[in-house]
Amino acid sequence: QVQLVESGGGLAQAGVSLRLSCAASRRTFFRYAVAWFCQAPGKGREFVAAISSSGGNTGYAGSVKGRFTISRDNAKNRVYQEMNSLKPEDAAVYYCAARLLRYTVAAGTYDYWGQGTQVTVSS
């Protein structure tokens, strides 16, 4: 079992930046690939970004590429997502998820999920 807790969400004005954090409970967290997904009301969970267990490889959804940056600090059992140039369409609940081996873009392939953190963007 891996417990994940997101933080850093809140209300932000369009165009500014926000940093989300995902804290993990296991010292073996370095073995897990981690991804961020978002979910708006009435919609499914959509892939946002992912990072390999070592941090050496990353992937992004086309809508956030160049604006968001995923990173991790395995010594602190944390994964971060820097969200720059926020747009109203970025508003959603953001979840971090973890799985062994390589990351994927499919929500159903992840075994562990956090509770989510709300991001609201005002225009």
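Just so we're clear, the structure is a prediction, and the values are computed from it rather than from any experiment.
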_Gap separating the CE atom of Met83 from the SG atom of Cys38, nearest 0.5 angstrom_ = 8.0 Å
*Taking the side chain as C-beta and beyond, is there a heavy-atom pair between Val34 and Arg72 under 4.5 Å?*
yes
*Common cluster, Val79/Leu4, ILVMFWY with side-chain heavy-atom separation under 4.5 Å*: yes
*Could you go step by step and tell me if Leu20 and Val119 meet the side chain to side chain contact (heavy atoms under 4.5 Å, CB included) rule?*
CA-CA 9 Å; Leu20 306 182; Val119 173; 4.0 Å; yes
*asked:* Out of the candidates Glu6, Gln39, Gln81, Arg45, only one should pair with Tyr94 under the side chain to side chain contact (heavy atoms under 4.5 Å, CB included) rule; please name it.
replied: Gln81
_Minimum heavy-atom distance between Gly8 and Leu18, given as atom pair plus value_ = O-CG, 3.6 Å
*Say whether Val5 and Trp113 are linked into one hydrophobic cluster, either directly or through other cluster members, by side-chain heavy-atom distances under 4.5 angstrom.*
no
*So how far is it from Arg19 CZ to Tyr80 OH, rounded to the nearest 0.5 Å?*
5.5 Å
_For a quick test of reading the model, state the closest non-hydrogen atom pair linking Ile70 to Ala50 and the distance between them._
CG2-O, 3.5 Å
*Roughly how far, to the nearest 0.5 Å, is the OG1 atom of Thr109 from the CG atom of Leu101?*
10.5 Å
*Taking the side chain as C-beta and beyond, is there a heavy-atom pair between Phe30 and Ser53 under 4.5 Å?*
no
*Just wondering, do Leu11 and Ser122 contact through their side chains at under 4.5 Å, heavy atoms?*
yes
*side chain to side chain contact (heavy atoms under 4.5 Å, CB included) between Cys22 and Tyr95: does it pass, once the steps are laid out?*
CA-CA 9 Å; Cys22 176; Tyr95 300 87; over 6 Å; no
*Measure across Tyr60 and Phe47 and return the closest heavy-atom pair with its distance rounded to 0.1 Å.*
C-CE2, 3.8 Å
*asked:* Given 3.5 Å as the limit, does a donor-acceptor pair link the side chain of Arg67 with the main chain of Ser85, or not?
replied: yes
*Between Ile51 and Tyr112, is there a shared hydrophobic cluster once you connect ILVMFWY residues whose side-chain heavy atoms come closer than 4.5 Å?*
yes
*Output the distance between atom CZ (Arg26) and atom CG (Asn77), rounded to the nearest 0.5 Å.*
10.5 Å
_Non-hydrogen atoms of Gly59 and Tyr103 that approach each other most closely_ = N-OH, 3.3 Å
_Show, in sequence, the C-alpha distance, side-chain angles and deciding distance for Ser25 and Gln3, and conclude whether the side chain to side chain donor-acceptor pair (under 3.5 Å) test is met._
CA-CA 5 Å; Ser25 64; Gln3 282 75 52; 3.1 Å; yes
_Which heavy atom of Ser123 sits nearest to which heavy atom of Ala14, and what is that distance?_
CA-CB, 4.3 Å
*Nearest heavy-atom pair of Phe29 and Asn74: which atoms, and what distance?*
CD2-OD1, 4.3 Å
_A side-chain contact here means heavy atoms from C-beta on lying under 4.5 Å apart; do Phe68 and Val48 qualify?_
yes
*Does the side chain of Val121 reach to within under 4.5 Å of the side chain of Lys87, using non-hydrogen atoms?*
no
_Check this for me: Glu89, atom CD, are more than 12 non-hydrogen atoms of other residues, nucleotides or ligands nearer than 6.0 Å?_
yes
*State yes or no: are the ring centers of Tyr110 and Phe37 separated by less than 6.0 Å?*
yes
